[in-house]
Amino acid sequence: MSRPSLLNFIAILIAVFGGSWEFFVKPRLQIMGYGREIQPLNNQQCTKVPQLPACEKIVLHQPSGLLYLACSTPLSRTHWTPAVGRLNETGASFDDYVATYDPKTKAITRLKVKGFESTRGLSLHGMDVVPSSSNPSDLFVYLVNHRAPLGNLLAKDVGADSVIEIFKTTVGGQTLTHIATIQDPIVIAPNDIVGSADGKSFYFTNDHGAKVGLIRELDLLGRASTSVVYCHVEQGCKYAIENMQGNNGIARAPNGTFYIANCLHGGLYVLEERKDNKLQLVDYLKADRGLDNLSVDSEGFVWAAAFPNIFTLLFKHFSDPSIPSPSSALRFSANPSHGATTGKENLKVERLFEDDGSVASGITSVVYDAQRKLLFLSGKSDS
Ligand SMILES: *[C@@H]1O[C@H](CO)[C@@H](O)[C@H](O)[C@H]1NC(C)=O
Ligand SMILES: *[C@@H]1O[C@H](CO)[C@@H](O)[C@H](O)[C@H]1NC(C)=O
Ligand SMILES: CC(=O)N[C@H]1CO[C@H](CO)[C@@H](O)[C@@H]1O
């Protein structure tokens, strides 16, 4: 959601539903954070890693405890974030990178890219890191790359020329070796990605149904144009599911169940994969706030970065990352053995972290290391 579009949205909402403030407008604004009081929780024992700013996505390699981060620069994020309509390629970094962080030694390694012939650079967003099925010390790294359009085309007119890049690395290795670039007309507005263990296929979310234009924003009024696309390097891409609302982060549990965050209405889609690589919606778990990127921990809990107040995030923090934006983390238990059933009543949604932005600002990704009991938070603009 970009700033003008949210303003339009609120204006339209009030115009159309003005008579039903209490029942229609207010609940929607409340999900976005209107009138919400921040209740700090578990924010006292945090350590910052200032050397890793603007790392939007974190993936935990559970066996080693290493974190993989897809990083940019805070300045680039303010100019170049296609997901929220920031399309100024002049101000974009095309020199983004994947870094590893070892919480034990605090060592940070910026991985060197090898065999990447493209001159169009890397401008990163969603990522997945998956141990290879043939050798678990090899890792496949799937990256959303928002390239600038070619020639005289301007991104503000045609949008980003986004693709998916696949690289290979080894656990704790220093390099990323390029394997493939996947380009396809239905790679429209790729956001987050889940890759396979053979390095050949993946699912990603399109966070909008169009790259640019007003039509992009109609989801705010109930149009459902976001989707998930399945791609195979040899067979190409096809829709796995269409006509969803607010698709953002995507994650897959060890048993194959998929989760997608609905960033508009604050909830979690639960989907199962079919044999033909289509996804089927099986459940929807509600939350009281907009959700962002997701991860599943080794015990099967789903973690979501959640926006206590989307207004501060969009109107203030994205333009000026030094303005703090409140953050929170929610944990869903979709597993009956965790004391919840997927029957809506008993489902557990817990708020396990919240901060007014002074410790953790503008958090868009949370990851939990269940073995080592460490919670990691990162944000697109800040650290
Ligand atoms: C785009 O980015 C460039 C480089 O940072 C900057 O000089 C320019 O003012 C930006 N344009 C807009 C419309 O923000
Ligand atoms: C996978 O695990 C989740 C809970 O962790 C459960 O809700 C889901 O039904 C399981 N899926 C399958 C296909 O067993
Ligand atoms: C993969 C990823 O980082 N997805 C989303 C995380 O949160 C930001 C902030 O809302 C989104 O813009 C990203 O698309």
Side-chain angles (χ1 to χ4, degrees), residues 38-71 98-108 126-129 192 194 248-254 259 261 263 266 268 285 287-309 313 317 324-335 338-340 348-383:
I38 302 301
Q39 298 169 311
L41 179 67
N42 294 333
N43 64 344
Q44 288 97 9
Q45 289 184 36
C46 299
T47 330
K48 269 205 182 193
V49 186
Q51 303 90 325
L52 288 171
C55 299
E56 178 145 348
K57 180 78 197 258
I58 329 177
V59 180
L60 169 69
H61 178 253
Q62 183 70 65
S64 63
L66 266 187
L67 299 176
Y68 285 78
L69 301 102
C71 306
V98 174
T100 57
Y101 176 67
D102 184 343
K104 267 198 316 273
T105 62
K106 312 238 181 304
I108 295 170
M127 170 175 71
D128 198 11
V129 178
D192 199 8
V194 159
N248 210 274
I250 184 169
R252 178 164 48 193
Y259 300 97
C263 66
L268 191 67
L285 318 180
D288 68 347
R289 54 193 74 194
L291 301 184
D292 206 343
N293 304 300
L294 299 179
S295 59
V296 181
D297 70 22
S298 54
E299 294 175 352
F301 288 102
V302 182
W303 290 80
F307 307 127
N309 194 324
L313 187 75
H317 181 73
S325 173
S327 299
S328 65
L330 302 184
R331 187 176 81 165
F332 292 79
S333 86
N335 188 338
H338 295 148
K348 271 225 254 154
V349 183
E350 296 160 282
R351 192 177 57 97
L352 287 181
F353 177 88
E354 188 158 315
D355 178 60
D356 63 7
S358 46
V359 178
S361 180
I363 292 307
T364 57
S365 196
V366 293
V367 165
Y368 185 61
D369 184 338
Q371 266 171 18
R372 300 168 186 85
K373 306 215 179 325
L374 296 169
L375 180 67
F376 300 98
L377 308 143
S378 78
K380 69 187 313 156
S381 313
D382 209 3
S383 49

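Of all the heavy atoms in Lys57 and Ser365, the pair that sits closest is CA-OG, 3.9 Å.
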>> The test is side-chain contact (heavy atoms from CB on, under 4.5 Å); show your working for Leu352 and Phe301 and say whether it passes.
In response: CA-CA 12 Å; Leu352 287 181; Phe301 288 102; over 6 Å; no
>> Quick one, Val367 with Val59, criterion side-chain contact (heavy atoms from CB on, under 4.5 Å). Give me CA distance, side-chain angles, the key distance, then yes/no.
In response: CA-CA 7 Å; Val367 165; Val59 180; over 6 Å; no
> Can you check side-chain contact (heavy atoms from CB on, under 4.5 Å) on Asn293 and Asn248, steps first, answer last?
Replying inline: CA-CA 7 Å; Asn293 304 300; Asn248 210 274; 3.7 Å; yes
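Between Leu377 and Phe353 there is a side-chain heavy-atom pair separated by less than 4.5 Å. No side-chain heavy atom of Cys55 sits less than 4.5 Å from a side-chain heavy atom of Tyr101. Side-chain contact check for Tyr259 versus Leu291: every heavy-atom pair is 4.5 Å or farther apart.
In this structure, CD in Glu56 is found 10.5 Å from CD1 in Ile58, a value given to the nearest 0.5 Å. Taken from CG in Leu60 to OG in Ser295, the straight-line distance is 8.5 Å, to the nearest 0.5 Å. For the atom pair Leu330 CG and Arg289 CZ, the distance stands at 5.5 Å (nearest 0.5 Å). If you take OH on Tyr368 and CZ on Phe376, they are separated by 10.0 Å, rounding to the nearest 0.5 Å.
Checked by atom type and distance alone, the side chain of Asp192 pairs as donor or acceptor with a backbone atom of Ile250 at under 3.5 Å. Remark: the backbone N or O of Ala306 is paired with a side-chain donor or acceptor of Ser328 at under 3.5 angstrom.
Remark: Arg331 engages Glu350 in a side chain to side chain donor-acceptor pair (under 3.5 Å) (not counting sequence neighbours). Residues passing the side chain to side chain contact (heavy atoms under 4.5 Å, CB included) test with Ala251 are Leu294, Val296, sequence neighbours excluded.
Screening residues 362-372 for salt bridge (Lys or Arg N to Asp or Glu O under 4.0 Å) gives Asp369-Arg372 as the qualifying pairs, with residues at least two apart or on separate chains.
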